[in-house]
Engineer: 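Have a look at the structure that comes next, please.
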Amino acid sequence: GTAKDRDMAIEWYRKALESSVTKELKGHVYNRLGDIYYQKIYDGGMSYDVNQAVIYYNQAVDLDNNDACFSLGNMYKIGEGVLKNPVRAKELFLKSAEFGNEKAQYELGMMCKGKNNLVETFRWMKQSAENNYAPAQYELGLMYYYGKGVAKNSRMAADWLEKSYNAGNEDAKKVWNGLQLWKYKQ
């Protein structure tokens, strides 16, 4: 947690880059360097360097690193360190989702939801929910409950919202209680 620890980690990751022989390992190291520079809070009071994070994430993305695709996609989504670019964000989320990243699958689902493309919203939310991502389980449960993008199915809604609720999702807890979804579990 201190600035000294951070500097030492950076030094060791840079040394690891020199000896990394595989594409996968290099991608992992570039991603970790991006993570270090993107972190905003350090015990030592160090501020983050978002520009350096973008450089390292791009290098990791070039090496097909799943986590870097997601992190850089988020940066493009919100316009942090890069110009806001939803098209580039979607490209990166797609790449990450293809590797099985449940958060990227969820983000794609939310992008489709924003464009009222309910078929694609359902597809991505289902993939993410099946990968145990609680926010996607919540969204999928609501889709089943209201029949949006899928046939209305109160039992499936209850199943997915219960999973999200059990994973600690506060919104799912409110919906579970408010809609009395336990009735559909019998």
Side-chain angles (χ1 to χ4, degrees), residues 1 31-32 34-42 48 50 53-54 57 61 65-186:
N31 179 63
R32 290 299 301 135
D35 288 345
I36 289 170
Y37 281 107
Y38 195 50
Q39 291 175 1
K40 295 184 179 180
I41 300 171
Y42 294 98
Y48 75 120
V50 71
V54 169
Y57 283 144
V61 165
N65 182 275
N66 171 17
D67 295 324
C69 290
F70 177 74
S71 295
L72 194 57
N74 254 339
M75 293 173 87
Y76 276 105
K77 176 185 156 196
I78 62 176
E80 185 169 12
V82 293
L83 290 175
K84 189 174 184 177
N85 185 335
V87 172
R88 181 67 176 137
K90 185 176 181 181
E91 289 170 0
L92 289 162
F93 287 146
L94 274 168
K95 191 171 185 177
S96 185
E98 288 168 2
F99 291 124
N101 185 310
E102 68 280 359
K103 292 177 184 175
Q105 293 163 341
Y106 171 80
E107 289 295 337
L108 287 166
M110 293 304 286
M111 290 175 129
C112 293
K113 181 180 177 182
K115 294 186 179 212
N116 209 25
N117 182 342
L118 297 178
V119 171
E120 285 297 300
T121 301
F122 178 79
R123 180 181 143 219
W124 288 116
M125 288 302 172
K126 190 167 191 304
Q127 283 185 34
S128 181
E130 288 172 346
N131 284 323
N132 297 314
Y133 193 54
Q137 292 168 337
Y138 170 75
E139 291 289 336
L140 188 61
L142 291 179
M143 292 182 82
Y144 275 114
Y145 187 80
Y146 292 108
K148 301 284 185 181
V150 64
K152 186 174 180 165
N153 184 327
S154 298
R155 184 173 179 99
M156 289 294 288
D159 288 345
W160 284 112
L161 285 161
E162 182 181 34
K163 287 179 184 183
S164 184
Y165 173 19
N166 289 336
N169 186 311
E170 288 299 314
D171 291 331
K173 181 178 180 180
K174 291 174 192 169
V175 169
W176 177 262
N177 292 323
L179 297 177
Q180 300 177 352
L181 291 174
W182 61 85
K183 296 186 293 189
Y184 301 106
K185 293 293 291 177
Q186 298 156 1

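Quick caveat: nothing in here was measured; it's all calculated off a predicted structure.
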Engineer: Between Lys90 and Lys77, is there a side-chain heavy-atom distance shorter than 4.5 Å?
Structural biologist: no

Engineer: Are Thr121 and Met143 close enough that some pair of their side-chain heavy atoms sits under 4.5 Å apart?
Structural biologist: yes

Engineer: What residues form a side-chain contact (heavy atoms from CB on, under 4.5 Å) with Ala172, not counting sequence neighbours?
Structural biologist: Tyr138, Leu161, Ser164, Tyr165, Asn169

Engineer: Hey, could you give me the CH2/NZ distance between Trp160 and Lys126, rounded to the nearest 0.5 Å?
Structural biologist: 6.5 Å

Engineer: Applying side-chain contact (heavy atoms from CB on, under 4.5 Å) to Glu80 and Val54, what does each step give before you reach the verdict?
Structural biologist: CA-CA 9 Å; Glu80 185 169 12; Val54 169; over 6 Å; no

Engineer: Counting only N and O atoms by type, is there a donor-acceptor contact under 3.5 Å from the side chain of Asn131 to the main-chain atoms of Tyr133?
Structural biologist: no

Engineer: Does some side-chain heavy atom of Asn85 sit less than 4.5 Å from a side-chain heavy atom of Leu83?
Structural biologist: no

Engineer: The criterion is salt bridge (Lys or Arg N to Asp or Glu O under 4.0 Å); which residues satisfy it with Lys163, sequence neighbours excluded?
Structural biologist: none

Engineer: With distance as the sole test, does Asn177 use its side chain to make a donor-acceptor pair with the main-chain N or O of Lys173 at under 3.5 Å?
Structural biologist: yes

Engineer: For Asn132 and Gln137: C-alpha separation, side-chain torsions, deciding distance, then whether side-chain contact (heavy atoms from CB on, under 4.5 Å) applies.
Structural biologist: CA-CA 7 Å; Asn132 297 314; Gln137 292 168 337; 3.9 Å; yes

Engineer: Evaluate Trp124 against Cys112 for side-chain contact (heavy atoms from CB on, under 4.5 Å), listing each step before the verdict.
Structural biologist: CA-CA 9 Å; Trp124 288 116; Cys112 293; 4.1 Å; yes

Engineer: Would you check if Asn74 and Glu107 make a side-chain contact, meaning some heavy-atom pair closer than 4.5 Å?
Structural biologist: yes

Engineer: For Glu102, is there any backbone N or O sitting under 3.5 Å from a side-chain donor or acceptor partner on Ser128?
Structural biologist: yes

Engineer: How many angstroms lie between atom CG of Leu108 and atom CZ of Arg123, to the nearest 0.5 angstrom?
Structural biologist: 8.5 Å

Engineer: Is there a side-chain contact (heavy atoms from CB on, under 4.5 Å) between Ser71 and Asp35 once you walk through the steps?
Structural biologist: CA-CA 8 Å; Ser71 295; Asp35 288 345; 4.2 Å; yes

Engineer: May I ask you to decide if the ring planes of Tyr57 and Tyr38 are parallel, tilted or perpendicular, using 30° and 60° as cut-offs?
Structural biologist: perpendicular

Engineer: Can you measure from CG (Leu142) to NZ (Lys148) and round to the nearest 0.5 angstrom?
Structural biologist: 11.0 Å

Engineer: Looking at Arg88 and Glu91, is any side-chain nitrogen of the basic one under 4.0 Å from a carboxylate oxygen of the acidic one?
Structural biologist: yes

Engineer: Quick one: CG on Leu72 to NZ on Lys95, what's the gap to the nearest 0.5 Å?
Structural biologist: 10.0 Å

Engineer: Indicate the atoms forming the closest heavy-atom contact of Ala158 with Tyr184, along with that distance.
Structural biologist: CB-CB, 3.9 Å

Engineer: Quick one: pull up OH in Tyr76 and CZ in Phe93 and give me the separation to the nearest 0.5 Å.
Structural biologist: 12.0 Å

Engineer: Check this for me, if you would: do Glu139 and Lys113 make a salt bridge, where the nitrogen-to-carboxylate-oxygen distance has to be below 4.0 angstrom?
Structural biologist: yes

Engineer: Is the side chain of Ser96 donor-acceptor paired with the backbone N or O of Leu92 at a distance under 3.5 Å, no angle test?
Structural biologist: no

Engineer: Please report the interatomic distance CD(Glu130) to CD(Gln127), rounded to the nearest 0.5 Å.
Structural biologist: 7.5 Å

Engineer: Return yes when atom NZ of Lys103 has more than 12 non-hydrogen atoms of other residues, nucleotides or ligands closer than 6.0 Å, and no otherwise.
Structural biologist: no

Engineer: Does any non-hydrogen side-chain atom of Met111 lie less than 4.5 Å from one of Asn117?
Structural biologist: no

Engineer: Within 45° of the axis and under 6.0 Å from the centre of the six-membered ring of Tyr145, does NZ or CZ of Lys152 qualify?
Structural biologist: yes

Engineer: Measure across Asp67 and Asn65 and return the closest heavy-atom pair with its distance rounded to 0.1 Å.
Structural biologist: N-OD1, 3.1 Å

